[in-house]
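Inspection log for the structure reproduced underneath, given as C-alpha cells.
In what follows, chains carry the letters A, B, and so on, assigned in the order in which the sequence lines appear, proteins first and then strands, with residues in each chain numbered from 1.
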2 protein chains.
Amino acid sequence: MKQPDATRLVDVAAAAGVSLATASRAMTGGTGVSDELAEHVRAIAERLGYVPNLHARGLAGGLVSSIGLVVHEIGDPYFAEIASGVLHRASLAGQSVQITHADRDPRSELTQVNALMMQRVGSIIIAGSGYTDPALEAPLGDALAQYRTRGGRVAVIGRHHLDVDAVLPDNHAAGVSVATHLTGLGHRRIGVIAGPLGLNTVSDRLDGLRSVFDSTGVHVTVVSHSFTREGGIDGTNALLDRGSPVTAMVALNDAMALGVLRALRQRGMRVPEDVSVAGFDDIAVVSDVAPALTTARIPMAEMGAQAVALILRAEADEPRRISMGHELIVRASTAAPPD
Amino acid sequence: MKQPDATRLVDVAAAAGVSLATASRAMTGGTGVSDELAEHVRAIAERLGYVPNLHARGLAGGLVSSIGLVVHEIGDPYFAEIASGVLHRASLAGQSVQITHADRDPRSELTQVNALMMQRVGSIIIAGSGYTDPALEAPLGDALAQYRTRGGRVAVIGRHHLDVDAVLPDNHAAGVSVATHLTGLGHRRIGVIAGPLGLNTVSDRLDGLRSVFDSTGVHVTVVSHSFTREGGIDGTNALLDRGSPVTAMVALNDAMALGVLRALRQRGMRVPEDVSVAGFDDIAVVSDVAPALTTARIPMAEMGAQAVALILRAEADEPRRISMGHELIVRASTAAPPD
DNA sequence: CTGAAAGCGCTTACAG
DNA sequence: CTGAAAGCGCTTACAG
C-alpha cells in the first residue's frame, strides 16, 4: 500500500532549496512567490516526476478539483452524449470526472449527490430532468445548499426547482417547432407518446406541442409510458389499441420514437405514408433508422460542455442560466397525412 | 471551504465513549473490535450523520476505494454500454467510478492512467482495444506494473500485451461466425470494411473472418478506415469506387456498419438484395436501422461488470482471463447473393 | 517574497 | 479487544 518511492513536495522543496510552503505556492500557482523561484521549483518538480497527492491536497484544503456528474443511465445515448461533452471540456480544464447513475429517482439522486459530497468533489453537475413537483427536489436542494456554503459548485442541466446555475434545453420551443411542422403538413389528429408527466422535460415539451395544437384545433391524444424505447412500443400499442385514429405521432424523446417506429412496423403501418412520426433530441442513431427520423435536435454534448463552463466560474450572486437553442431536423419520417 | 459542522470520526468516538482507533476499526469493518461495540459505534455514527472523509482515508491508508475507467470515447455506444455495466456493478460494491477519455491513442492512454494513479484510485479498468504492436503498450505496462506493486488493481477489457487481469471478448470466434453465416448464404466475393489494422479488436475479427474465407475460396477485399460511422462510409466508397464487385460487406464494428448502410443507400444499392451487410457488437440501435443489421453480439455491459468483478478480487499469482461469448444475431441485412 | 508551524481527518503499527 | 500516538502529504494563516 505504501509507496516509499513516491516523490513528495518536501523532496521537491529540498531539491530546489526552498521551504515546503514556497514549493506549495509555486506548484499551485499561488500568489506570493517570485516568478523565477516558482519557475525553478516547477522545473525541479518536473525533473523529479513529482505528482501531487490529491488526497493530501483535499485534506488540507477542503474540496478537490474534480467533477461529479449525475446521469440517469450512461448507456442511454442522450446521457452518453452529455457525458462526452462534460469529459471533453473537463479534460481541457484538467479536472477529473466521476459519473454516477441516479436512475431517474429523486431519492437515488440525493444518495448519489451525498456520496459525491462526501468525496469532496469540487463541483457537481446534475444531468437529467427535474421534476414538476417541487417537493420532490426539496431534499436535494437542501443538500446542495449546504454543499455550496462549503464552496462546492453546482450546475444542473435541465429545468429544476433548484436555485443553482443551469443549462436550459429549449424544450418548450422545440415542442412548438415539432407541432408547427406537423400542423403545417396538415395533420389534425395527433397522438403524443409521452414519458412520465412528472418530469419537466416531458412537461415542457408537451406544453410546447399543446400551445400549437390547441390553437390549431388539432385533436390530441396523449399516453404516458416510460421514457424509453420500450415505453415507445407500449405507448404506441396502447394508443392504437384504444382505436384513436391518428395521422401523426410525436414521441417525447428519440428513444421512445425508436419504439414507436418499431411498434408501427410490427403492426404493418407505413411511415410516413400511413402515419408520420417525430421525436426529440437527435441522438446519433436516428438519422440511420428507416425512415430517418424527423426530430428536434437538442445539443447534448454542448450542454455538457456548458455545464462544465458554469462550474468552472465562481458562483455569481444570482444563479446563471444558459439557454440552449434547438433545431428542427426534418427527415423522412414526416409527410402530409394520407387523404 | 471549511465545514465546521461536519462530524468527524473523533466526534463519533466521543459520543460513543470509545477511542478514535476503536471507532475507526468499527467503521471500516476492521478486525479487533467486539461486535457489540462495533455495532454501537456504527449506530452512533449513523445518528450523527457521520460521513467519512475519503481524502483523510486516502492519505492515511494509501489507495482509496474507487475505480478509474479509461474508455476511447463515452459518446460511442460501445463504450457507453461497457461503462453502464461498470457503473452498475461498481455501485453494488459501493465504489465510485471516474471515467476518462483516451481517444484511442497510446500516449493519451498513458497520460490518463498516470492521472488516475496520481489520484490514488484503488483500481483501473482499461476498456478499448489493445494494439497489435507490443511496443506501443510497453510504457503503459511499466506504469501499470509500478502501480500494482503499490497495491493498485488493474483489469483490461480486450486483448492487450499487458500482464494483467483481462476480460476477453470473443472476437476471433465472432469473426468465424459472421464469415460462416455469409459463406453459408453463398457469398463468394466479400468486402471487409476494417478499422485500423493495428488494433487487436480489428486484427482478431479479421483473422476470424479470414480463417473461414480462405478455406472456402472466398475472394476478399479489405479496406481500412477509421473505426467509426464515417470510416464505414469512406471505406464503402473506397471499396466500391475501386470497382471491386462484392455481394456482401462486413464492417468490423457496428458503427462502421451504420456507415456502410448509409453509403450503400446513397449509392442506390439495396440491402440485402444487391449486397448483404453484417457488423460486430450489436449496439442497441442496430436492430432499429433498416434493414435491421445482422451482427455478432458482444456483451458490452456484461464485460464491464466482469471487469469490476475482477478488480474487486485480490490479485492472483497469474493474471486471470475471463472469456466472454458472442452470439450471431441474424437480421434482415443479410441474405443470399443476387444471381 | 519567504519560512516555521499548525492542522486537515483518518489508519495503523505499537503497547497494553 | 482497546487505546495513545505517530504519520500520511499537503495548504494556509501567522510571522518576518
Side-chain angles (χ1 to χ4, degrees), chain A residues 1-42 44-45 48-66 117-120 122 150-151, chain B residues 1-42 44-45 48-66 117-120 122 150-151:
Chain A
M1 265 330 200
K2 295 293 291 314
Q3 32 178 323
D5 51 343
T7 113
R8 297 148 303 159
L9 192 50
V10 256
D11 304 323
V12 174
V18 300
S19 73
L20 219 204
T22 298
S24 172
R25 294 189 187 105
M27 295 308 296
T28 56
T31 178
V33 218
S34 61
D35 289 353
E36 309 90 274
L37 229 195
E39 191 65 23
H40 175 229
V41 172
R42 274 185 238 112
I44 302 277
L48 263 43
Y50 170 66
V51 167
N53 182 322
L54 289 194
H55 290 306
R57 212 173 242 187
L59 222 208
L63 299 176
V64 110
S65 61
S66 71
M117 286 168 42
M118 114 179 189
Q119 296 194 44
R120 266 67 169 177
R150 301 181 189 176
Chain B
M1 268 325 202
K2 295 292 291 313
Q3 31 178 329
D5 52 342
T7 112
R8 296 150 302 159
L9 192 51
V10 257
D11 303 325
V12 174
V18 300
S19 72
L20 218 204
T22 297
S24 173
R25 294 188 187 105
M27 295 308 296
T28 56
T31 179
V33 219
S34 63
D35 289 353
E36 309 89 274
L37 228 195
E39 192 65 24
H40 175 230
V41 172
R42 275 186 236 113
I44 302 276
L48 263 43
Y50 169 66
V51 167
N53 182 323
L54 289 194
H55 290 307
R57 212 173 242 188
L59 223 209
L63 298 176
V64 111
S65 62
S66 70
M117 285 168 43
M118 112 178 189
Q119 295 193 45
R120 266 63 170 180
R150 301 181 190 178

Separation of [N] [atom2] from [X] [atom1] (nearest whole Å):
| X | N | atom1 | atom2 | value |
| --- | --- | --- | --- | --- |
| B/Leu59 | D/dA6 | CG | C1' | 14 Å |
| B/Glu36 | D/dC1 | CD | C1' | 10 Å |
| A/Arg25 | C/dA4 | CZ | P | 11 Å |
| B/Leu20 | C/dT11 | CG | C1' | 9 Å |
| B/Leu54 | C/dG9 | CG | P | 14 Å |
| A/Arg8 | D/dG7 | CZ | P | 12 Å |
| A/Arg120 | C/dG9 | CZ | C1' | 8 Å |
| B/Met27 | C/dG9 | CE | P | 16 Å |

- prompt: How far does the C1' atom of C/dG16 sit from the matching atom of C/dT12, given to the nearest Å?
  reply: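 Going atom to atom, C1' in each nucleotide, I get 16 Å.
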request  = Could you work out the separation of D/dA5 and D/dC1 based on their P atoms and round it to a whole Å?
outcome  =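 To the nearest whole Å, 23 Å.
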- Message: So, does B/Thr22 get its side chain near the phosphate of D/dG3, meaning an N or O under 4.0 Å from OP1 or OP2?
- Response: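 Yes, such a contact exists.
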query = OP1 or OP2 of D/dT12 less than 4.0 angstrom from a side-chain nitrogen or oxygen of A/Ser24, does that happen here?
reply =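 No.
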task: Return the minimal non-hydrogen interatomic distance between A/Leu9 and A/Ala23, and the atom names on each side.
output: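 In terms of heavy atoms, the two residues are closest at CD1-CB, 3.8 Å.
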> Where is the tightest heavy-atom contact between B/Tyr50 and B/Arg8, given as atom of each residue plus distance?
Replying inline: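 The answer is CE1-C, 3.6 Å.
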Worksheet entry | Pair partner, D/dA13 [Watson-Crick or wobble, under 3.5 Å] |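 Partner of D/dA13: none found under 3.5 Å.
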TODO: Sort out the partner of C/dA4 for me: Watson-Crick or G-U wobble, both distances under 3.5 Å, none otherwise.
DONE: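 Its partner: none found.
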For B/Ala56 and for B/Gly17, locate the closest nucleotide of DNA chain D by heavy-atom distance; then report the residue assigned to the nucleotide nearer the 5' terminus.
->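 Its nearest nucleotide lies further toward 5', so the answer is B/Gly17.
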query = How do B/Ala23 and A/Leu9 order along DNA chain D: which one's closest nucleotide is nearer the 5' end?
reply =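 So the residue in question is B/Ala23.
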Which part of the nucleic acid, if any, lies within contact of A/Leu37, taking any heavy atom under 4.0 Å across all strands shown: a base, the sugar-phosphate backbone alone, or nothing?
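Sugar-phosphate contact only.
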query = Can you tell me how far the CZ atom of A/Arg25 sits from the CG atom of A/Leu20, to the nearest 0.5 Å?
reply =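 The CZ atom of A/Arg25 sits 10.0 Å away from the CG atom of A/Leu20.
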Margin query: When you measure from the side chain of A/His55 to the backbone of B/Ala56, do you find a donor-acceptor pair of N or O atoms at a distance under 3.5 Å?
Written below: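 It does not hold such a pair.
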Where the side chain of B/Arg42 meets the backbone of B/Ala26, is there a donor-acceptor pair that is under 3.5 Å apart?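 Such a contact is found between B/Arg42 side chain and B/Ala26 backbone.
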Given D/dA4, D/dC8, C/dG7, identify the nucleotide with an atom nearest to the side chain of B/Ala60.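 Side chain of B/Ala60 sits closest to D/dC8.
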Measure from the side chain of B/Arg57, starting at C-beta and using heavy atoms only, and say which of D/dA4, C/dT11, D/dC8 lies closest.
->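 Per side-chain heavy atoms of B/Arg57, the pick is C/dT11.
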On DNA chain C, compare the nucleotides closest to B/Ala21 and A/Val18; which residue's is nearer the 5' end?
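Residue closer to the 5' terminus by nearest nucleotide: A/Val18.
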